Amino acid sequence: TNIILLAKKNFNDAGGGNCYAAVYRPPHCIGYEDGETREGFDIPCGRGHDGAVNFRYFGALISLFLVPLTIGISLGMIYRSV
């Protein structure tokens, strides 16, 4: 997932060591829309909000169902073999 986030230019971290896309909203972006670049700055405001946040929620939802399914299938296979 980190490769996808880097490819989408989501490499501004909030400093907490997170592996998800942090939305770039520094104090100088107050009053500016997503994608606008304030004079004197190079990075547009709101960068990182282009679907990467939705990707994080989708990944969490998948893992929420995938883990119990894997455990259930594994335990079922062990039960049948014993």
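Here, residue 1 is the first one in the sequence, and each next residue gets the next number. Just so it is clear, the structure is predicted and the values come from calculations on it, not from any experiment.
With F65 as reference, L61 is the one residue of I62, L61, L69 to meet the side-chain contact (heavy atoms from CB on, under 4.5 Å) rule.
R38 places no side-chain N or O within 3.5 Å of a backbone atom of Y32 that could act as its donor or acceptor partner.
No continuous path of hydrophobic side-chain contacts links I30 to F41 [ILVMFWY only; heavy atoms under 4.5 Å].
Residue I73 holds its CD1 atom at 12.0 Å from CD1 of I78, rounded to the nearest 0.5 Å.
Between S63 and P68, the shortest heavy-atom distance links the atoms O-CD, 4.3 Å.
Side chains of Y79 and L75 form no contact here, defined as non-hydrogen atoms less than 4.5 Å apart.
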